[in-house]
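This report refers to the structure that appears directly beneath it.
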Amino acid sequence: MKIAICGAGTVGTGVAQILHDNADLIKLRGGEAIEIAVVASRRPPSEGPLADLEFTSDLISVCGRSDVDVVVELMGGTTDAKHLIETSLRAGKSVVTANKALIAEHGDDLFEIAAKHDVSLKFEASVAGSIPIIKVLQESLAGARIGWIAGIINGTANFILTEMASEGVSRSFDTVLAEAQALGYAEADPTFDIDGTDAAHKLAILGALAFDQPLRFDQVHIEGIAEIDPSDFKFAKAFGYRIKHLGVARSSGESLEMAVYPCLVSTAAMLSGIDGVLNGVLVSSEAAGETFCCGAGAGAGPTGNAVVADLIDLQRQGLRPGSDAPRRTDESLKMLRPEETEAGFYLRITVEDRPGVMSGITTVLADFGISLDKIMQEDAANHRATIALVTDSIVQGVVEQAVAKLEQHDAVLGKIQKIRVF
Ligand code: HSE
């Protein structure tokens, strides 16, 4: 099999390194060698395993080459990469991509083009790096009715939350983000890592596969981690939780909820132990129970490995169109709005430290039918106190109304922090 590698960055380099280092076992397992016919990128690679290969800066030219069987798209972005993939598929070449934004936002159209031209579009590397979660959903759980998926699917956000929660001097969000950038985990512009967009791209893909739905990135509710305060980690820990940024897709069979947000996760739950840049995805299905996968979510080796696995799949299926293209039911599930969904909620409320305030707060909550699971208070400076509490499960819209009412209370100072409990 001959491939074109389009994009000569971290993942492209990782793919070339794996193809070089493991050439013997790839040939054994896939039945033939995988050779890189050409490397295409805007600038030629100056060093590493891509440097001595044939190079072109004319990306689209790879689509017309008779010595290229499969185009590997590792450029990122949703404009040039989309054009490249469309042109490749129309030219009868299967494509392997790591591009989550492109699959999440334009995947339905691209899969349609692939089917029309009898070729495959494979995307294991687009979600959670080394974790074979696409295969788990499409193959291992192909016969299982899935109830929900919950995943830590952005390593940078997980690293930041892990560091902010660590013992010792409590560090602010900005300090830890600067450290993540210095260590090379976060992007130079980490906006999509922090604001939840990157996780939402991945969740849109997982949700579509798990529930046989169209890709609905624009309907994923997105919350990032920028609003988490160091004190939230302290209260969460006291209540028996850790704070994780999760992507959650859940279906009752009639409706679908897809959201990414910070959550309190019980210290007893598997997801709470996934720290640093690691990713972890938990899938709950009737037949299989809880299936948990964890591993490195990014990087040359982990993501490169997922790309190579897709290439070997293509070798094994003889470059025929994938039987693993996403399927869809005829009926789209109704999307639940966030305010229609139910969960327990953690609230952190800064109040004036004077008699009657605690009972005033709990009375407002009771008036909205909100039952408390846990509550604590801590004195702060200047006659202030912080009340932290966890509610029993309640509809989000009701909590939002209660929070709005509490923020008008004369003893409540500033904005109330609200975080879901998973
Ligand atoms: N920026 C992403 C992360 C890379 O931190 O997880 C993998 O998609």
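Small disclaimer: the values here were computed from a predicted structure and weren't measured. Side chains included, hydrogens not; waters and symmetry mates left out as well; all remaining heavy atoms used.
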Taking [Y]'s backbone N and O only, do any of them form a donor-acceptor pair with [X]'s side chain (distance below 3.5 Å, no angle check)?
{"X": "D373", "Y": "D392", "value": "no"}
{"X": "S272", "Y": "A269", "value": "yes"}
{"X": "H409", "Y": "A411", "value": "yes"}
{"X": "N99", "Y": "G77", "value": "yes"}
{"X": "Q377", "Y": "T386", "value": "no"}
{"X": "N279", "Y": "A296", "value": "no"}
{"X": "D108", "Y": "L215", "value": "yes"}
{"X": "R316", "Y": "R29", "value": "yes"}
{"X": "S285", "Y": "A144", "value": "no"}

For this session: Would you check, one step at a time, whether the test side chain to side chain contact (heavy atoms under 4.5 Å, CB included) holds for L53 with V38?
Result: CA-CA 7 Å; L53 300 167; V38 61; over 6 Å; no

Problem set entry | side chain to side chain contact (heavy atoms under 4.5 Å, CB included) between V399 and L347, intermediate numbers included | CA-CA 10 Å; V399 172; L347 303 180; 4.3 Å; yes

Exercise. Is it the case that S255 and S252 place a side-chain donor and acceptor less than 3.5 Å from each other?
Worked result: yes

Problem set entry | Intermediate values then yes/no, side-chain hydrogen bond (donor to acceptor under 3.5 Å, both in side chains), Q396 and R337 | CA-CA 10 Å; Q396 179 166 328; R337 297 193 309 274; over 6 Å; no

Problem set entry | Steps toward salt bridge (charged side-chain N to carboxylate O under 4.0 Å, His left out) verdict (R420, E223) | CA-CA 11 Å; R420 278 182 163 250; E223 291 173 31; over 6 Å; no

Give the table of side-chain donor-acceptor pairs shorter than 3.5 Å for residues 195-209, with sequence neighbours excluded, one pair per line with atom names and distance.
{"residue": "D195", "atom": "OD1", "partner": "T197", "partner atom": "N", "Å": "2.9"}
{"residue": "D195", "atom": "OD1", "partner": "T197", "partner atom": "OG1", "Å": "2.7"}
{"residue": "D195", "atom": "OD2", "partner": "T197", "partner atom": "OG1", "Å": "3.3"}
{"residue": "D198", "atom": "OD1", "partner": "K100", "partner atom": "NZ", "Å": "2.8"}
{"residue": "D198", "atom": "OD2", "partner": "N154", "partner atom": "ND2", "Å": "2.8"}
{"residue": "D198", "atom": "OD2", "partner": "K202", "partner atom": "NZ", "Å": "2.6"}
{"residue": "H201", "atom": "ND1", "partner": "T197", "partner atom": "O", "Å": "3.4"}
{"residue": "H201", "atom": "NE2", "partner": "E105", "partner atom": "OE2", "Å": "2.7"}
{"residue": "K202", "atom": "NZ", "partner": "I153", "partner atom": "O", "Å": "2.7"}

Exercise. Who are the side-chain contact (heavy atoms from CB on, under 4.5 Å) partners of N305, not counting sequence neighbours?
Worked result: I18

Exercise. Closest approach of Q17 and P49, non-hydrogen atoms and distance?
Worked result: OE1-CG, 3.3 Å

Problem set entry | Qualifying residues under ring pair (Phe, Tyr, Trp, His ring centres under 6.0 Å), relative to F368, sequence neighbours excluded | none

Problem set entry | Test side chain to side chain contact (heavy atoms under 4.5 Å, CB included) applied to V15 and T303, I5, I36, L50, the passing residue |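 The side chain to side chain contact (heavy atoms under 4.5 Å, CB included) with V15 is passed solely by I5 among T303, I5, I36, L50.
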
Exercise. Which residue, V307, L314, L19, forms the side chain to side chain contact (heavy atoms under 4.5 Å, CB included) with I3?
Worked result: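 Between I3 and the candidates, side chain to side chain contact (heavy atoms under 4.5 Å, CB included) is satisfied uniquely by L19.
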
Please tell me if the side chains of [X] and [Y] come closer than 4.5 Å, counting only heavy atoms from C-beta onward.
{"X": "S57", "Y": "R42", "answer": "no"}
{"X": "S251", "Y": "L333", "answer": "yes"}
{"X": "C263", "Y": "V421", "answer": "no"}
{"X": "I134", "Y": "V127", "answer": "yes"}
{"X": "V248", "Y": "M258", "answer": "no"}
{"X": "V281", "Y": "I149", "answer": "yes"}

Any carboxylate oxygen within less than 4.0 angstrom of a Lys/Arg side-chain nitrogen, looking at [X] and [Y]?
{"X": "E73", "Y": "K82", "value": "no"}
{"X": "D275", "Y": "R242", "value": "yes"}
{"X": "R348", "Y": "D232", "value": "yes"}
{"X": "K135", "Y": "D310", "value": "yes"}

Problem set entry | Centroid-centroid distance, W148 to F211, less than 6.0 Å | no

For this session: May I ask you to check whether F111 and F123 place their ring centers less than 6.0 Å from one another?
Result: yes

For this session: Go through the steps to decide whether T56 and D58 satisfy the test side-chain hydrogen bond (donor to acceptor under 3.5 Å, both in side chains), and finish with yes or no.
Result: CA-CA 5 Å; T56 178; D58 180 1; 5.2 Å; no

For this session: Could you check S120 against Q317 for side-chain hydrogen bond (donor to acceptor under 3.5 Å, both in side chains), going step by step and ending with a plain yes or no?
Result: CA-CA 10 Å; S120 288; Q317 71 183 42; 2.9 Å; yes

Exercise. Around R145, counting heavy atoms of other residues, nucleotides and ligands shown, do more than 12 lie under 6.0 Å from its CZ?
Worked result: no

Problem set entry | E227 atom CD, over 12 foreign heavy atoms within 6.0 Å |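 Check fails, neighbour count at 12 or below.
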
Problem set entry | L89 and K93: CA distance, side-chain angles, deciding distance, side chain to side chain contact (heavy atoms under 4.5 Å, CB included) verdict | CA-CA 5 Å; L89 297 172; K93 298 192 190 303; over 6 Å; no

Exercise. Checking side chain to side chain contact (heavy atoms under 4.5 Å, CB included) for the pair F345/V390: CA distance, chi angles, key distance, verdict?
Worked result: CA-CA 5 Å; F345 284 87; V390 175; over 6 Å; no

